[in-house]
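Here the structure is laid out as structure tokens; the discussion comes afterwards.
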Amino acid sequence: MSFLDDFRNLDRNNIGGWPNSAKRTFTVLVFVLILFFGWWFKISDQQDQLGSLRQKETQLRQEFVQKQAKAANLDALKQQLSEMQDMLRQMLRQLPSKTEMPELLVDISQTALSAGLETDLFQPGPETVKEFYAEKPIQLRMIGTYNQFGTFISGVASLPRVVILTMHDVSLRPVQGTANGKLPTNGLLLLEGTVKTYRYLDEDETQAADKAAQGSPAKGGK
């Protein structure tokens, strides 16, 4: 009779009366079952958590290496930023100042007259203050030839201060109607629209613009 047959013949209601060999075998089986189910319900979950934590560790190591590389280059980046800010300030200083703007507008108007342009309208508008510069719109209506407009642009570019004119809703068209798609014989053109010129802000204006951007009063605020 096999061992399994002997085990089946044991009285399950009287485990204490079993032979010692059967008790030891039963104890080992129970212990093995406890270990298996303990591993299945507890250790298996912990292994999954361990695998997830290992992946997170790898990700954090990569982020650390990247941030460490950035930190190592931080001083060099700060130096580059400082140099770029100095360069920007130098470029802005080449623009006209607040006190030079009225004279500059007169120079632009005189340059148009010197080029032979007929100025029907030259009307500066109110300034708009930006972060580190101010822009001033000018409504224009001028009549002249291609060559005269070219002379005007060249004259503005040769002014002592750097003058930037940007076009906004500007049109250039023949003064008279065209014939067969060609320009009229007199070659006169009408320039009409708005241009903007720019100046740099002085230190007080820059501080006031910064305070305004932060939502606090520029002066006398609490």
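For this chain, numbers begin at 1 and follow the sequence in order. Note that this is a predicted model, so its numbers are computed, not measured.
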* Output the distance between atom CD (Q110) and atom CG (L113), rounded to the nearest 0.5 Å. => 5.5 Å
* Structure fact -> Closest non-hydrogen atoms of A134 and L201, given as atom of the first, atom of the second and distance, are CB-CD2, 3.8 Å
* Asked: Say you draw a straight line from CD1 of I153 to CD of Q148; how long is it, rounded to the nearest 0.5 Å?
  -> 13.0 Å
* Asked: Distance from E63 atom CD to K56 atom NZ, nearest 0.5 Å?
  -> 9.5 Å
* Without swapping roles, check the side chain of S82 against the backbone of K78 for a donor-acceptor pair under 3.5 Å. => no
* Asked: Within the side chain of S109, is there an N or O that forms a donor-acceptor pair under 3.5 Å with the backbone of V106?
  -> no
* Structure fact -> For V170 and T194, the nearest pair of non-hydrogen atoms, with its separation, is CG2-O, 3.3 Å
* Using atom types as modelled and distance alone, determine if a side-chain donor or acceptor of S154 lies under 3.5 Å from a backbone N or O of G150. => no
* Asked: Does a donor on one side chain sit under 3.5 Å from an acceptor on the other, for E83 and Q79?
  -> yes
* Euclidean distance, D120 CG relative to L191 CG, rounded to 0.5 Å -> 11.0 Å
* Structure fact -> Rounding to 0.5 Å, atoms CG (N73) and CD (Q68) come to a distance of 11.0 Å
* Structure fact -> Tightest non-hydrogen contact, residues I143 and F149, listed as C-CZ, 4.3 Å
* To do: Kindly give the heavy-atom pair with the smallest separation between G155 and S158, and that separation in Å.
  => O-OG, 2.8 Å
* Asked: Do you know the tightest heavy-atom contact between P96 and R199?
  -> O-CB, 2.9 Å
* Could you state whether L117 and L172 fall into the same hydrophobic cluster, counting links through intermediate Ile, Leu, Val, Met, Phe, Trp or Tyr residues with side-chain heavy atoms under 4.5 angstrom apart? => yes
* So, K136 and E127, do they make that salt bridge, N to O below 4.0 Å? -> no
* Asked: What's the shortest heavy-atom distance between M142 and F152, and which atoms?
  -> CE-CZ, 4.3 Å
* To do: Assess whether ring pair (Phe, Tyr, Trp, His ring centres under 6.0 Å) is satisfied between Y133 and Y200, documenting all intermediate values.
  => CA-CA 5 Å; Y133 67 92; Y200 72 85; over 10 Å; no
* Asked: Can you check salt bridge (Lys or Arg N to Asp or Glu O under 4.0 Å) on E192 and R173, steps first, answer last?
  -> CA-CA 9 Å; E192 188 173 21; R173 61 182 185 275; 3.1 Å; yes
